[in-house]
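Notes follow once the structure below has been shown.
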Amino acid sequence: QVQLVESGGGLVQPGGSLRLSCAAKGSIFSINVMGWYRQAPGKERELVALITSGGATDYADSVKGRFTISRDNAKNTVALQMNSLKPEDTAAYYCNAEGVYSGWGTPHDYWGQGTQVTVSS
């Protein structure tokens, strides 16, 4: 079994910064894609950023130039550096690991439990 453990959420003023971290723990041989999604109250979950095992990245238009995703394949961790935060960034942020291969069977996808980010003065 694989667990995704998130940390780093909190309350920040507009224009501030936060760094989210996620560690995948368990029997892991490789992870294809790791990413961050967010869900605000009353809205659907949406992609924020993702990064492949090869380092290719993709960002939601709303966060381009402000957020940076990074990954350590050896440690099975992914981080999201969030700068110039806006009130509309307020949401629960979820770590996602897609195509987690444990060395046998078929790959699976996993989600973290979520960490709250609140941007408010």
Side-chain angles (χ1 to χ4, degrees):
Q1 186 69 7
V2 172
Q3 285 187 318
L4 301 185
V5 180
E6 302 146 333
S7 61
L11 172 65
V12 64
Q13 291 187 342
S17 298
L18 279 176
R19 183 177 178 85
L20 305 182
S21 298
C22 173
K25 298 182 180 296
S27 180
I28 299 169
F29 181 78
S30 64
I31 303 175
N32 186 22
V33 180
M34 299 189 80
W36 290 93
Y37 289 71
R38 67 186 180 187
Q39 187 168 18
K43 295 188 176 182
E44 293 187 354
R45 190 172 296 188
E46 63 176 1
L47 172 69
V48 177
L50 60 82
I51 183 167
T52 70
S53 57
T57 59
D58 191 21
Y59 295 90
D61 287 343
S62 59
V63 307
K64 283 180 180 177
R66 300 188 297 122
F67 291 10
T68 302
I69 191 169
S70 60
R71 173 174 175 173
D72 186 329
N73 289 332
K75 296 181 179 179
N76 294 319
T77 59
V78 63
L80 185 69
Q81 178 66 41
M82 304 185 293
N83 298 328
S84 302
L85 282 160
K86 304 175 180 180
E88 50 263 44
D89 294 318
T90 295
Y93 283 69
Y94 296 89
C95 178
N96 172 260
E98 179 184 319
V100 180
Y101 184 55
S102 297
W104 64 87
T106 57
H108 291 83
D109 300 343
Y110 296 92
W111 288 92
Q113 291 189 326
T115 184
Q116 180 66 34
V117 171
T118 302
V119 184
S120 175
S121 55

- Query: Any donor and acceptor pair, going by atom type alone, linking the side chain of Thr115 with main-chain N or O of Tyr93 inside 3.5 Å?
  - Reply: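 A pair under 3.5 Å: no.
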- Does Tyr59 reach the main-chain N or O of Arg66 with its side chain, forming a donor-acceptor pair under 3.5 Å?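 No; zero donor-acceptor contacts below 3.5 Å.
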Distance-only criterion, 3.5 Å: show the donor-acceptor pairs between side-chain atoms of residues 10-37 and protein atoms not counting sequence neighbours.
unit_1, atom_1, unit_2, atom_2, d
Ser17, OG, Asn83, OD1, 2.9
Arg19, NH1, Gln81, OE1, 3.4

For the student: nearest non-hydrogen atoms of [X] and [Y], plus distance:
X     : Y      : result
Ala49 : Leu80  : CB-CD1, 4.1 Å
Val2  : Ser102 : CG2-OG, 4.5 Å
Cys95 : Val78  : SG-CG1, 3.8 Å
Ala74 : Asp72  : N-OD1, 3.0 Å

- Message: Could you walk me through whether Lys64 and Asp61 satisfy the salt bridge (charged side-chain N to carboxylate O under 4.0 Å, His left out) test, starting with their C-alpha distance in whole Å, then the side-chain angles of each, then the deciding distance to 0.1 Å, before giving a yes or no?
- Response: CA-CA 5 Å; Lys64 283 180 180 177; Asp61 287 343; 3.1 Å; yes
Is there a side-chain contact between [X] and [Y], using heavy atoms and a 4.5 Å cut-off?
X      : Y      : answer
Tyr110 : Gln1   : yes
Leu50  : Glu98  : no
Tyr94  : Gln39  : yes
Met82  : Val117 : yes

Evaluate whether atom [atom1] of [X] has more than 12 neighbouring non-hydrogen atoms of other residues, nucleotides or ligands under 6.0 angstrom away.
X      : atom1 : result
Gln113 : CD    : no
Glu44  : CD    : no
Gln3   : CD    : no

- Query: How long is the gap from OG1 on Thr52 to CG on Asp58, to the nearest 0.5 Å?
  - Reply: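 Between atom OG1 of Thr52 and atom CG of Asp58 there are 10.5 Å.
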- Message: Working to the nearest 0.5 angstrom, can you tell me the gap between Leu85 CG and Ser120 OG?
- Response: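 Taking CG in Leu85 and OG in Ser120, the distance rounds to 12.0 Å.
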- Query: Run the side-chain contact (heavy atoms from CB on, under 4.5 Å) check on Arg38 and Val63 step by step: do they pass?
  - Reply: CA-CA 12 Å; Arg38 67 186 180 187; Val63 307; 4.0 Å; yes
